[in-house]
**Student:** 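First, the structure itself, so that you have it in front of you.
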Amino acid sequence: VQLQASGGGLVQAGGSLRLSCAASGRTFSGYVVGWFRQTPGKERDFVATINSADSRTYYGDSVKGRFTISRDNAKNTVYLQMNSLKPEDTAVYYCAAGRSYSVGAGSYNYWGQGTQVTVSS
């Protein structure tokens, strides 16, 4: 599976962005897809994940109520709608695909290249 993340950019605090993760190469619907983010010098943090079979979702505590993950299997794409953005959301955001419904980065086998999100105060 090849993943391409897009949609990042510069936004003011309180604003919104929608990230996209487009997949190619294999049937996308059978994969769990997660979003992670990373800032320089820190580990990659879990943001959200969406299950393959039933589209169950799970979020990191810092984004609950503000971010929404969704998927469109017909378009082989997963989205991350980010609202009420804060400066601390600034990071490189990565999408990843795997077979396990998990918050651990190690459970995901395929990774996109990352897209920068910058939130100004």
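Residue indices begin at 1 and follow the sequence shown.
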**Student:** So, for T115 and G8, which heavy atoms are closest and what is the spacing to 0.1 Å?
**Tutor:** OG1-N, 3.1 Å

**Student:** Taking all atoms of both residues into account, what is the closest heavy-atom pair of L3 and A23, and its distance?
**Tutor:** CD2-CB, 3.7 Å

**Student:** Parallel, tilted or perpendicular, judged at 30° and 60°: which one describes the rings of F67 and Y93?
**Tutor:** tilted

**Student:** Could you tell me whether the side chain of S102 and the main chain of S100 form a donor-acceptor pair under 3.5 Å?
**Tutor:** no

**Student:** Looking at every heavy atom in both L17 and L85, which two are closest together, and how far apart are they?
**Tutor:** N-CD1, 3.8 Å

**Student:** Establish whether V78 and V103 are linked, either directly or via other cluster members, by ILVMFWY side-chain heavy-atom contacts under 4.5 Å.
**Tutor:** no

**Student:** Measure the CD-CD distance between E43 and Q38 for me, rounded to the nearest 0.5 Å.
**Tutor:** 8.5 Å

**Student:** Verify, without hydrogens or angle tests, whether Y59 (side chain) and I69 (backbone) share a donor-acceptor contact under 3.5 angstrom.
**Tutor:** yes

**Student:** Does a side-chain heavy-atom distance below 4.5 Å link W35 with M82?
**Tutor:** no

**Student:** Answer yes or no: is there a donor N or O on one side and an acceptor on the other, between the side chain of R66 and the main chain of S84, under 3.5 Å?
**Tutor:** yes

**Student:** Is the number of heavy atoms from other residues, nucleotides or ligands within 6.0 Å of OH (Y58) greater than 12?
**Tutor:** no

**Student:** Is a side-chain N or O of R99 found less than 3.5 angstrom from the main chain of S107, in a donor-acceptor match?
**Tutor:** no

**Student:** Between Y94 and W111, how do the two ring planes meet: parallel, tilted or perpendicular, split at 30° and 60°?
**Tutor:** perpendicular

**Student:** So, Y101 side chain and T57 main chain: donor-acceptor pair closer than 3.5 Å or not?
**Tutor:** yes

**Student:** Rounded to the nearest 0.5 Å, how far apart are CG of N76 and SG of C21?
**Tutor:** 10.0 Å

**Student:** So does V119 get a backbone contact from the side chain of T90, meaning a donor-acceptor N/O pair under 3.5 Å?
**Tutor:** yes

**Student:** Return yes if some donor-acceptor pair links the side-chain N/O of Q113 with the main-chain N/O of Q4 below 3.5 Å, else return no.
**Tutor:** no

**Student:** Using side-chain heavy atoms (C-beta onward) and a distance below 4.5 Å, is S20 in contact with K75?
**Tutor:** no

**Student:** Of all the heavy-atom pairs spanning A91 and Q116, show the shortest one and how long it is.
**Tutor:** O-NE2, 3.4 Å

**Student:** Is the backbone of V33 close enough, under 3.5 Å, to the side chain of T49 for a donor and an acceptor to pair up by distance?
**Tutor:** yes

**Student:** Are any of the side-chain heavy atoms of F28 and N73 separated by less than 4.5 Å?
**Tutor:** yes

**Student:** Could you state the interatomic distance from CG (D45) to OG (S62), rounded to the nearest 0.5 Å?
**Tutor:** 7.5 Å

**Student:** Does a sphere of radius 6.0 Å around NZ in K42 hold more than 12 heavy atoms from other residues, nucleotides or ligands, not counting ones at 6.0 Å or beyond?
**Tutor:** no

**Student:** Measure across S16 and N83 and return the closest heavy-atom pair with its distance rounded to 0.1 Å.
**Tutor:** OG-OD1, 2.9 Å

**Student:** Would you say the side chain of R71 lies within less than 4.5 Å of the side chain of S52, judging by non-hydrogen atoms?
**Tutor:** yes

**Student:** In this structure, would L19 and Y108 fall into the same cluster of hydrophobic residues linked by side-chain contacts under 4.5 Å?
**Tutor:** no

**Student:** Is the backbone of T68 close enough, under 3.5 Å, to the side chain of Y79 for a donor and an acceptor to pair up by distance?
**Tutor:** no

**Student:** Minimum heavy-atom separation for S121 and A13, please, with both atom names.
**Tutor:** CA-CB, 4.4 Å

**Student:** Apply salt bridge (Lys or Arg N to Asp or Glu O under 4.0 Å) to the pair K86 and D89, showing each step before the final yes or no.
**Tutor:** CA-CA 5 Å; K86 305 175 181 179; D89 293 318; over 6 Å; no

